Amino acid sequence: MSDTYVSDTHRRLIYMANQIARNFCALDHDAAAAATADHIAQFWDPRMKAAVAGDEADLSDVAARAFAILREQGEPAPQTRATVFNDADEGGRSDAG
Amino acid sequence: MGYAKQPDFGTPEVRSDHTVTLSIDGREVTVPEGTSVMRAAAEIGGDIPKLCATDMVKSFGSCRLCLVEVEGMRGTPASCTTPVTEGMVVKTQTPRLEKLRRGVMELYISDHPLDCLTCSANNDCELQDAAAEVGLRDVRYGYDGAHHLGQVPDLSNPYFLFAPDKCIVCSRCVRACDEVQGTLALTVEARGFDSKISAGTAKDDFLSSECVSCGACVQACPTSALMEKSVKQHGKPERSVVTTCAYCGVGCTFRAEMRGEQLVRMVPWKEGKANRGHSCVKGRFAWGYANHKDRITSPMIRDSIDEPWREVSWAEAISYTAGRLKDIRAQHGARALGGITSSRCTNEETFLVQKLVRGGFGSNNVDTCARVCHSPTGYGLKTTFGTSAGTQDFDSVEHSDVILVIGANPTDAHPVFASRMKRRLREGAKLIVIDPRRIDLVRSPHIEAAHHLPLQPGTNVAVLTAMAHVIVTEGLVDTQFVAERCEVDAFEDWARFVADESHSPERLEPVTRVPAEELRAAARLFATGGNGAIYYGLGVTEHSQGSSTVMAIANLAMATGNIGRPGVGVNPLRGQNNVQGACDMGSFPHELSGYRHISDAETRALFESDWGVTLDAEPGLRINNMLDAAVDGTFRAIYIQGEDILQSDPDTKHVAAGLEAMDCVIVHDLFLNETANYAHVFLPGSTFLEKDGTFTNAERRIQPVRRVMDPANGYEDWQVTQLLANAMGLGWDYGHPSEILTEIARLTPTFAGVTWERLCEEGSLQWPVNEANPDGAPVMHVDGFVRGKGHFVVTEYVPTDEKAGPRFPLLLTTGRILSQYNVGAQTRRTANTAWHPEDLLEMHPTDAENRGLNDGDWVRLASRKGETTLRIKVTDRVAPGVVYTTFHHPETQANVVTTDFSDWATNCPEYKVTAVQVSASNGPTDWQEDYADLAERSRRISHEAEGEPAE
Ligand code: SF4
Ligand code: SF4
Ligand code: SF4
Ligand code: FES
C-alpha cells in the first residue's frame, strides 16, 4: 500500500477512477481518458471530484489524464451513450436498473 | 365493491385469426376458431354446469356434467372438450340433458359429506352450485356402501389444507399444478373409485412434497378439498379490491378479498396482464407480516443509539427530526444531508422522498436500492440500445424458441414468470443456462436444459465473448439485421475483437472452466435456433464487470438479430416490486425523474419553477459514497424509507461504521430493522395494503395499489414524508397520491398521459404514455432502436480484484430462495419460514470431504472482510471450488463477508464473487455475538409508565 492516501475514502476514489479507466481500455489512450473524465463528471459528487488531486502515484495513466482533462478543459462532451441524458421535454432514454 | 367470484369461462381463451359463428340455445355467437362450446356459451352469459373444467387449465372431459346436444351429432358430447364449428346448433338444456346431469350429480353427492352448513366453502362451492343448477333433489344411493368419508385432512402446509373427503377427484388441481405452475407435484393415484389425489411423497403430505405452495391448485379446486386456512378461520369474503403484489418485480395483481377490515385471502387476478391469474407463495399467502407483533406503530426517538427508544407522538417525532435536520444543515451545509428511496414503496412515495431531499434538504444525495441490483442494466442497455428498459413484455416468452438464462434463478426469484417460461419450454423451446450453480430450471419435470455452462463466478464477460467468438468466426451473424439496424463501424470493431483467437472458447476454458465444446454448441444453438431470448438477473449485474456483462449480452442479441419482435430480446429480471418505478422517479443522485441529468439547466428550471425551490446542479452521492463521506465527517444525516441497508448492502462493518458516524439517522419502516440499530428516529411505515398509489413492474407496467384497510401506524408513507417536508417549511398539501401522480405526469414526459383515473379504468399502462404512444408501449425497438442505431461495445474481460488464493481458496456466490424475499424482513415474519428457517451454505461433496465436513455441520465462513457462521448443505449443485448462500436472515449476516468491490460504472456491489475459506466451527463468531448484543440493546424501548427499559 502506498502511503500517498490521505484516507480510506481517498484510497477508494483512486481505486474507482482506475477501475473506470481500465474498463475503457479497448479505446485508445486519449479516448479512454476522455471517457473516464466524462464518466467522473457525470456521476461523481463534487467532494469526490475534489478529493483526487490527479497526481497520486497509484493513479493509472489514463485516470490521471482524465483528471487533467477535468481540470484544464472542464467537462467533456458525452463520450458514450451512457452519458447522454434526455432533454427536459424528452422521454426516449432511460437508465433504469 | 361487493363480493363476486371471478368469472370462469370453463376452458382457456384461444387466440386465432379465424372466427366461427354458431347458435347456442337459439342465440348466435361468434368466437375464435378452436374455442370450446362451453366457453362460447359462457361468452354470451350462458352457464353450462361443469365440475372438471375451469378456464385456467385445459379441459379434461371427465365429469360428464357439461353435456349438450348438437344438431346432427350423435349422443351428448361434453361441451368442454367439443370445439365449435361453423353453423353448429347447440342446445344446453333439454329434458334428456337434465336427467343425465342429475344422474351424474347424484353419484358425486352420494360420496360427499353433506355438512354444507359448516363447510368453509359453504356458498362458495361449485359442487353446491352444480347441484342447484341441475336441480338435484334427492340422492338414492345413501352412505351405506363404500365411501371416502372420515379421512384425515392434510394440514402440513401452513396456508392451505387438503381435506380428502371433500375431494371429487376432478383433477383440476393436478392439471393446475402441471400446466399453470409447472411443478407437477400432484398425481391422481389408482383408478376409478379408489382414485385419490396425492402429493406423491413417502410421507404424502404437501409440505414435504415438491409443492412450492403457489396456490394454483387451491384456486382451481371447486370444493373445500383444497382451501385456504384463512377462509376457514375468517369465513367467506364479502368484498374484493384489486391491488398489486408488493414483493417482486413480476408485479402480479391480486384481488384482496376482505371481510370488514380483515383480509381473508389474496387471489391472483385473472385479468392481470403480468400474471394472468397465477401467483407465488409470497404474494398469495405471505401477507401476515402486516399484523406481526414486531410491527412498530408509534414513532420513537433517542439522542444517541446507546439509549433505549422513547415512544413519542407524531407531532413530537416530526418536529424533533426537522429540528435535527435543520441544525445539521445550518452547521455543515446541505450536502451533509441525504436520503434513500425505497423500491418497495409506491412511485408517489419515492417521488416525494427525492423531492424532499432535492428541494427540502437542498442536496442531490439521494439513492435507491437499485444501486445494489440493476444499476448496471441501466448503464449497459443505455449504451448499446439507447434506453435501458427490458425490451419485451412477459407475454413475449410464448414466442421464444431458444431461451438463454444467465445469472438468474427465475423459479426462485421470479416464480410466476418462471411458470410461464416453463410452459414454453414444455412446448419444446430449447434452454441454455449459464450459471455457476445447477439451478432448478436445469433439470425439472419435463424440462432439461440443452446446455448448462457452469462457469467460474466472475467470468461472465469471458463466457459471452467466447460465445460471440463462435458466432462471428463460424459465420452465424445475422448480417442483414446488423446492416440495417446497427452502427456498422462499431460492429466491425467488435467483430474483429471477439474473433481474435485469444477469445476462443478453447483459449478461455482455463479461465471460465466451461468445456469449450459445450460452449460452442450453446452458441450455435442460440444463433440458429429461431427466436432467441435472453433473460438475466443479479448474477449478471452484481459483479465488478456488471455493466460490461450487460453490454456483452446486448451485443449477442444484436449480432444474432434477436431484437424488436415478440419472442426475442434482452430481459432483465428485476428484483423488488418497484425497482423500475424507483428509477423512473428520479431516485439516482445524478438525475431527475424521466432520466434527465441534474446538470441540465432547462430540466432544473422546470422543476424549480414547479416546486418553488433552487436545485443543486451537481450530482449527489451514491449510497456507498454517502457511507464513506459519513466516516470522513462530511455527510451527517440520512432519511431512509423502506430499506435495510445494514443488511442488504455489502461489507456490513463499513455500513455500520458509516451509520454510526452520522448525527441523525432516520429510519422509516414497518419493523425495527437492522439499520434501525443505528437510528435516532424511527418513523413507523405502512404496508401496501394500507395505502393507495402505483408500482411499476419489470415490463414498465404501471399498476394501481389500493388501500384495503387503515394504516396501523396512522399514516400512509407519503403522508409521513409530507409531514416532515412541511416541518421543514415546504408547504406541501397533497390530499391523495393521485395528486402526486398528476405532478409526476406534469414533470415527466414518459408519464405525460398517465392519470390515477385512467389506471383505475384500464388496469395498467406501460410507459411511455405520451403523444406518440397514447396507450403505452408493450415491446420496444420494433422498427428501430429508440435512439437511432444499435451500438456494439467492445467488452474487454477484466478479472475481478477479488481473487481466490491459498488463504481463501473458494469462491462464494449469493442468491435468493423462493419463499423468502430479499432481506426477509417481511417473509421471515410469516409462516414462509416453514420452507427456509435459516440460510445454508451449499458446498460440493469433494470440498466438504477435504475439510472433513458433513451435511448440517456448523461452519465458519471467512473472507478478507470478515467471518460468520452458518450450517452447510453438501450438494453437487455447485461446482467444486464454489460455495453458495442466501442472505435472508440477519443472524447469518452474509454481507459481513462480502467485499466493497463493485461494478466499475455504477458501483453496484460485487455480491456474486467473494474469496472465502470454510472450516469447522462450533458456534457464532465474535462479531455475530457482539452484533446480537448490540441489536438487543439498541432495540430496547422505554415505557415510561414502567420506568424501566423493556424489550
Ligand atoms: S400449491 Fe402450487 S405447487 Fe403446490 S400442489 Fe398446488 S399447484 Fe402444485
Ligand atoms: S382436491 Fe379439489 S381440485 Fe383436486 S381433485 Fe379434489 S376436488 Fe378436484
Ligand atoms: S412475489 Fe412476485 S411472482 Fe410472487 S406473487 Fe408477488 S409479484 Fe407475483
Ligand atoms: S366439465 Fe366438461 S366433462 Fe367435466
Side-chain angles (χ1 to χ4, degrees), chain A residues 5-28 31-32 35-36 38-52 60 62-63 74-97, chain B residues 335 365 370-371 373-379 382-384 386-389 497 541 544-545 547-548 574 579-580 583-584 588-591 594-597 599-600 602-603 605-606 618-621 625 628-629 631-632 634 748-750 752 768 770 786-787 791 794-796 798 900 904-905 907:
Chain A
Y5 300 116
V6 296
S7 69
D8 280 354
T9 306
H10 186 227
R11 185 200 315 275
R12 195 197 303 255
L13 291 171
I14 304 266
Y15 181 86
M16 281 169 65
N18 287 341
Q19 197 191 3
I20 296 164
R22 197 155 42 130
N23 275 277
F24 285 122
C25 65
L27 305 174
D28 67 47
T36 306
D38 174 31
H39 190 93
I40 289 170
Q42 299 298 326
F43 299 114
W44 283 26
D45 156 273
R47 85 198 78 177
M48 293 162 65
K49 290 172 191 157
V52 180
S60 71
V62 172
E75 289 181 15
Q79 301 292 307
T80 70
R81 294 208 286 197
T83 49
V84 181
F85 293 85
N86 290 319
D87 288 335
D89 58 354
E90 191 189 26
R93 306 175 182 90
S94 77
D95 54 6
Chain B
R335 285 179 182 163
N365 299 326
R371 174 71 51 223
C373 61
H374 266 292
S375 50
T377 292
Y379 187 92
K382 189 177 173 196
T383 308
T384 48
T387 191
S388 82
F497 170 81
T541 54
S544 63
Q545 277 202 298
S547 294
S548 309
R574 297 225 176 358
V579 84
Q580 176 77 47
C583 300
D584 298 343
F588 286 138
H590 62 276
E591 62 196 357
Y595 308 102
R596 289 162 296 169
H597 201 274
S599 64
D600 182 56
E602 209 184 317
T603 305
L606 181 72
E618 284 280 352
L621 295 166
N625 306 126
D628 290 342
V631 173
D632 295 349
T634 63
T748 316
T750 35
N770 51 19
V786 169
R787 291 286 133 195
H791 182 72
V794 172
T795 54
E796 185 84 52
V798 180
D900 53 9
W904 65 274
N907 293 128

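Bear in mind that the values here come from a model prediction, so they are computed numbers and not experimental data. All chains are named by letter (A, B, ...) in the order of the sequence lines, taking the proteins before the strands, and each is independently numbered beginning at 1.
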Is a side-chain N or O of A:Arg47 found less than 3.5 angstrom from the main chain of B:Thr634, in a donor-acceptor match?
yes
Per-residue tally against chain A (heavy atom, under 4.5 Å) across B:Asp628, B:Thr748, B:Val631 peaks at B:Asp628
Report yes if some heavy atom in the side chain of A:Gln42 is under 4.5 Å from a heavy atom in the side chain of B:His597; otherwise report no.
yes
Which atoms of A:Arg22 are under 4.5 Å from chain B, going by heavy atoms: the side chain, the backbone, both sets, or neither?
both
Do A:Met48 and B:Leu621 have side chains that get closer than 4.5 Å, going by heavy atoms?
yes
Taking all non-hydrogen atoms of both residues, which atom of B:Tyr379 and which atom of A:His39 are closest, and how far apart?
CE1-CE1, 3.7 Å
Measure across B:Pro619 and A:Pro46 and return the closest heavy-atom pair with its distance rounded to 0.1 Å.
O-CD, 3.4 Å
Between B:Ser548 and A:Asn23, is there a side-chain heavy-atom distance shorter than 4.5 Å?
yes
Under the criterion side-chain contact (heavy atoms from CB on, under 4.5 Å), I'd like the reasoning laid out for B:Asn365 against A:Asp45: C-alpha separation, chi angles, the key distance, then a yes or no.
CA-CA 9 Å; B:Asn365 299 326; A:Asp45 156 273; 4.1 Å; yes
Can you tell me how far CG of B:Asp632 sits from CG of A:Asp8, rounded to the nearest 0.5 angstrom?
8.5 Å
Would you mind telling me which of B:Ala629, B:Ala752, B:Pro589, B:Pro749 has the largest number of heavy-atom pairs within less than 4.5 Å of chain A?
B:Pro749
B:Asn770, B:Thr603, B:Val794: which one forms the most heavy-atom pairs within less than 4.5 Å of chain A?
B:Thr603
Quick one: what part of B:Asp600 sits under 4.5 Å from any heavy atom of chain A, side chain, backbone, both or neither?
side chain
Residue part contacting chain B, namely of A:Ala41, when any heavy atom lies under 4.5 Å
backbone
